[in-house]
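Heads up: the structure comes next, in structure tokens.
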Amino acid sequence: MYCNYLSLTNFRNYARLDLELPPRVTVVLGGNAQGKSNLLEAIYFLATTKSFRAGSDRELVNWLANTEGTAFARLIARVRRGHIVLNIEILIKEEVPREEPGLGPALISPLRTTVKRIKVNNVTKRAIDIIGEVNVVMFSPQDIDLIQGAPHMRRRYLDVTISQVDPRYVRTLAHYSKVLLQRNYLLRQIRERHGRPEQLLFWDQELVNAGSYLIWQRLAAVASLNSLAHTIHRQLADGESLSIQYRSSLEWSGDEIQSRGMVDSNSDSDLGEDLGRLREAFKQQLDSLQTKEIAYGLSLLGPHRDDLVFLVNERDMNIYGSRGQQRTIALSLKLAETRFMRSMTDEEPILLLDDVMSELDEARRNHVLAIIGPEQQVIITTTDLHHFTPEFLDQAALFRVEQGIVERIAL
Ligand code: ATP
Ligand code: MG
């Protein structure tokens with residue numbers, strides 16, 4: 001699949017951009033702070049409806065547009081997927097709630113909220129309906145945070161990756177988040193004696209059903225990523241043996257799942273007995289934790305408490321990895337993700353490489369370039385064309401970005 005047209009209005013430092021993109025390799029050259037990462041962020045956002053770095057969608061709207069009260073940003077992409085053409089449009093809009101009549105001018109400025117409106121081929125869609133329509137894999141220097149950062153980053157990484165290949169995962173995740181909020185609220189109510197433990201029964205069941213599915217698919221995805229990354233890492237890091245494991249808050253041996261790969265989420269019969277056993281284990285452990293959960297006012301078990309560990313020679317690289325080691329592991333993981341995505345969707349995902357070449361030695365750079373499929377679209381940003389061979393640049397389209405303006409250049 002590839003994106004052949006991108007249009008941005010008031011997105012970050014792009015007041016206005018209309019860009020035709022070729023189906024293969026694009027190199028975007030630019031100095032610091034010119035808009036390289038912003039461009040890739042826009043494509044990533046159109047595919048996942050999320051930014052890979054912004055804390056809130058509001059950050060994405062151009063500052064200048066922000067001063068005028070109700071600001072908006074618009075992103076449009078035209079994507080070809082096989083014979084299908086998708087026109088994806090996302091409008092990010094800030095809305096100021098209207099003043100309450102009769103109350104006079106507000107003493108404090110009313111809270112602004114940011115809303116997202118999404119259309120695919122002119123039909124309004126919810127975010128959870130478009131995730132997975134376009135698959136992207138993003139490489140950036142921040143990927144090292146996956147190894148050295150906090151657990152929530154690794155959970156988010158898994159969620160974004162699996163969501164792109166499993167629509168049921170997206171829906172289940174959205175449901176799980178709501179259940180978690182409700183359940184935590186109820187736990188606190190019970191602690192304050194405003195609720196009864198019997199009320200938990202319904203929420204426990206919801207948590208177990210949705211949570212088990214999420215863990216189940218994560219286990220399978222991690223098993224695939226692990227075997228792919230293991231092979232890649234051995235080559236990248238002089239024979240170093242990498243193992244990626246899912247650490248669940250739930251006590252459960254996932255061996256059976258690891259060997260069978262991801263299930264076809266559309267067929268319930270495929271989910272089989274093992275998922276049933278996972279649910280049972282979840283429910284039992286939840287029951288035995290009830291008193292503690294009420295005391296804490298928090299749900300202590302489930303995919304929201306899980307983590308991913310990266311082991312080299314049995315050592316946890318989050319704790320013991322050197323920076324260079326962590327960076328190489330992140331690269332192995334991303335290369336593995338590309339293959340994983342390809343195997344799950346039978347399509348080449350769009351590769352977005354944000355200034356990663358400068359950090360890599362020549363051998364690793366070549367590994368990155370070697371992963372690019374013959375039919376794959378890849379958009380690479382760089383501050384320096386010297387990181388690429390003349391042969392590579394020969395088959396690439398070159399653009400320069402300066403203060404949010406992109407133009408095609410020749411070598
Ligand atoms: P580097 O090489 O340092 O990574 P870059 O080209 O990737 O630079 P970007 O991250 O794309 O730079 O940012 C380009 C510019 O956009 C920066 O100056 C940044 O401050 C600015 N910027 C970020 N958010 C907004 C926004 N909401 N409105 C306007 N400009 C923004
Ligand atoms: Mg950047």
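Scope of the values below: all heavy atoms of this structure, side chains included, with no hydrogens, waters or symmetry mates.
Taking the ring centre of F11 as origin, the terminal cationic atom of R74 falls outside the region bounded by 6.0 Å and 45° from the ring axis. Relative to the six-membered ring of Y246, R218 misses at least one condition, a distance below 6.0 Å or an angle of at most 45° to the axis.
Remark: the backbone N or O of D355 is not paired with any side-chain donor or acceptor of K36 at under 3.5 angstrom. In this structure a side-chain-to-backbone donor-acceptor pair under 3.5 Å is present from Q34 to N32. Remark: the backbone N or O of V61 is not paired with any side-chain donor or acceptor of R12 at under 3.5 angstrom.
Contact detail for R364 and A237: the closest heavy-atom pair is NH2-CA, 4.2 Å. R342 and G373 get closest at one heavy-atom pair: NH2-N, 4.4 Å.
Remark: Y157 pairs with no residue by the ring pair (Phe, Tyr, Trp, His ring centres under 6.0 Å) rule, at least two apart or across chains. With sequence neighbours left out, the side chain to side chain contact (heavy atoms under 4.5 Å, CB included) criterion links K292 to L289, Y296, L300.
Within 6.0 Å of CD on E198 lie more than 12 heavy atoms contributed by other residues, nucleotides or ligands. The number of heavy-atom neighbours closer than 6.0 Å to CZ of R53, taken from other residues, nucleotides and ligands shown, is above 12. Surrounding OH of Y185 are at most 12 heavy atoms belonging to other residues, nucleotides or ligands under 6.0 Å away. Q199 CD: more than 12 foreign heavy atoms inside a 6.0 Å radius. Heavy-atom neighbours of E192 CD from other residues, nucleotides or ligands within 6.0 Å: above the threshold of 12.
Taking the six-membered ring for Trp and thresholds of 30 and 60 degrees, H304 and Y176 have ring planes inclined between 30 and 60 degrees apart.
E359 has a carboxylate O that lies under 4.0 Å from a charged side-chain N of R327, or vice versa, which qualifies the two as a salt bridge. Salt bridge absent: E280 and R277 never bring a charged side-chain N and a carboxylate O closer than 4.0 Å.
Within the 4.5 Å cutoff, no side-chain heavy atoms of F72 are placed close to those of E94.
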